[in-house]
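Below: one structure, written as structure tokens.
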Amino acid sequence: MWLLVLGVLLLLFCNLDVWYFLRGAQVFFEALLQPCVPDILAEQIVGGVVLPHDLDYMGHMNNSRYLRECDFARFHHYMRNGLFLTSRRLGATLVVGASTIRYRRSLAFREAFEIRTKVLGWDDKAFYLEQRFVSKKDGFVSAVMLCRQNVVRSSPQTIMEAVCKHKVECPEFPEDLKHWISFISASSQALRAESGLDEKNK
């Protein structure tokens, strides 16, 4: 019996990122037990610390771990402000369409940090978020990420009105976000031209 259980666990850990799914379940239930954040534009903070499995060969936090931690912080953010459950009720899905991260200073082993997530705005197709890694040691912003969260089978405005129960005006985009959106658009157009999609659609 024990050999069978060990065999199943071994297969799971070999074929699935089990810790990712366990962490996702943990974030889900933790957010459910915490108070709602009715202000969609309010910044939310989750804490973290650099553990051994986060380290790279140079002894600081692996670059890919920042993106993984951002995933969980966004999920926590959406759970508490109602965007996730409301989008599910509407049959919509939130998927990452683009993200750019800038590393400013590495996070060292056992260094505590905060991830500060906030919605900067939205358009017809996506929400735009900023996520900052802030060291608890001295308040330095170690990394900052911009994320475009595409909405599939609905629209950001529809979701916002369903959450807030009234029409919500999108705030003006910060300058850096405007430049980033322009970069995404230019990149998309270049790739479409390279693949010949623009010609096919004429």
Side-chain angles (χ1 to χ4, degrees), residues 6 8-37 39-85 93-121 126-150 174 176-177 179-181 183-184:
L6 288 174
V8 170
L9 289 174
L10 182 61
L11 282 173
L12 284 174
F13 276 89
C14 287
N15 293 282
L16 291 174
D17 190 349
V18 176
W19 294 119
Y20 178 87
F21 292 103
L22 291 176
R23 176 78 181 281
Q26 176 192 352
V27 171
F28 177 83
F29 288 110
E30 281 182 354
L32 274 182
L33 296 174
Q34 291 179 333
C36 294
V37 179
D39 185 357
I40 302 296
L41 300 177
E43 181 180 82
Q44 294 185 41
I45 299 174
V46 294
V49 63
V50 182
L51 299 174
H53 62 263
D54 297 321
L55 301 177
D56 61 14
Y57 293 114
M58 299 183 68
H60 51 60
M61 189 159 163
N62 187 316
N63 292 343
S64 64
R65 282 288 176 177
Y66 288 84
L67 302 179
R68 186 183 179 106
E69 290 300 315
C70 281
D71 274 352
F72 293 124
R74 281 196 309 277
F75 185 35
H76 182 272
H77 187 86
Y78 295 147
M79 282 293 299
R80 293 193 64 194
N81 64 19
L83 286 180
F84 176 75
L85 293 179
T93 305
L94 304 176
V95 296
V96 174
S99 64
T100 297
I101 188 166
R102 187 163 72 90
Y103 303 101
R104 302 184 68 229
R105 188 180 76 186
S106 60
L107 291 168
F109 177 50
R110 296 179 64 186
E111 184 172 353
F113 60 88
E114 295 176 339
I115 304 178
R116 301 179 181 179
T117 303
K118 62 181 177 181
V119 175
L120 298 177
F127 290 103
Y128 296 92
L129 295 90
E130 180 189 77
Q131 295 182 276
R132 296 185 175 196
F133 287 78
V134 181
S135 173
K136 287 188 176 180
K137 179 173 61 178
D138 55 7
F140 188 83
V141 179
S142 298
V144 58
M145 189 178 86
L146 291 175
C147 176
R148 172 179 171 143
Q149 195 88 54
N150 292 344
D176 59 341
L177 179 60
H179 289 303
W180 186 65
I181 293 172
F183 157 72
I184 295 172

side-chain hydrogen bond (donor to acceptor under 3.5 Å, both in side chains) involving Q149 - partner list, sequence neighbours excluded: R74, Y78

Which atom of N150 lies closest to which atom of G97, heavy atoms considered: ND2-CA, 3.4 Å

Indicate yes or no: at least one non-hydrogen side-chain atom of E43 is less than 4.5 angstrom from one of E130. no

From Q131 CD over to L67 CG, what is the distance, rounded to the nearest 0.5 angstrom? 9.5 Å

Could you pull out all residues at least two apart from T93 that satisfy side-chain contact (heavy atoms from CB on, under 4.5 Å)? V95, V152, R153

Residues in side-chain contact (heavy atoms from CB on, under 4.5 Å) with F140, at least two apart? R104, R105, D138, S142

Shortest non-hydrogen separation from I40 to N81 and the atoms involved: CD1-O, 3.4 Å

With a 4.5 Å cut-off on side-chain heavy atoms, are I181 and L177 touching? yes

Value for CE (M79) from CG (L33), rounded to nearest 0.5 Å, stands at 9.5 Å

Could you give the distance from OG (S135) to CD (E111), rounded to the nearest 0.5 Å? 3.5 Å

Testing D17, D54, N62 one by one against R68 for a side-chain hydrogen bond (donor to acceptor under 3.5 Å, both in side chains), which residue passes? D17

Heavy atoms of T100 and W180 approach each other most closely as OG1-NE1, 2.7 Å

Closest approach of R23 and E69, non-hydrogen atoms and distance? NH2-OE1, 2.9 Å

R102/D176 ion pair, N-O < 4.0 Å: no

Can you tell if the side chain of Y128 reaches within under 4.5 Å of the side chain of L146, non-hydrogen atoms only? no

Residues in side-chain contact (heavy atoms from CB on, under 4.5 Å) contact with V49, at least two apart in sequence or another chain: L51

Assess the residue pair V50 and H60 against the criterion (side chain to side chain contact (heavy atoms under 4.5 Å, CB included)); give the C-alpha distance rounded to whole Å, side-chain angles, the decisive distance to 0.1 Å, and a yes or no. CA-CA 8 Å; V50 182; H60 51 60; over 6 Å; no

Taking the six-membered ring for Trp, are Y66 and Y103 parallel (under 30°), tilted (30 to 60°) or perpendicular (over 60°)? perpendicular

Can you name the ring-ring contact (aromatic ring centres under 6.0 Å, His included) partners of F84, sequence neighbours left out? F75

Could you grab the distance from atom OG of S99 to atom CG of L129, nearest 0.5 Å is fine? 11.5 Å

How many angstroms lie between atom NE2 of H77 and atom CG of L83, to the nearest 0.5 angstrom? 6.5 Å

Counting only heavy atoms from other residues, nucleotides and ligands, does the tally under 6.0 Å from CZ of F109 exceed 12? yes

In terms of heavy-atom contacts, F133 and C70 come closest through CE1-SG, 3.4 Å

Residues at least two apart in sequence or cross-chain that pass side-chain contact (heavy atoms from CB on, under 4.5 Å) with H76, listed by chain then number, are V27, A31, Q34, Q44, V46, R80

Do other residues, nucleotides or ligands put more than 12 heavy atoms under 6.0 Å from the CZ atom of F13? yes

Any side-chain heavy-atom pair of V119 and L41 under 4.5 Å: yes

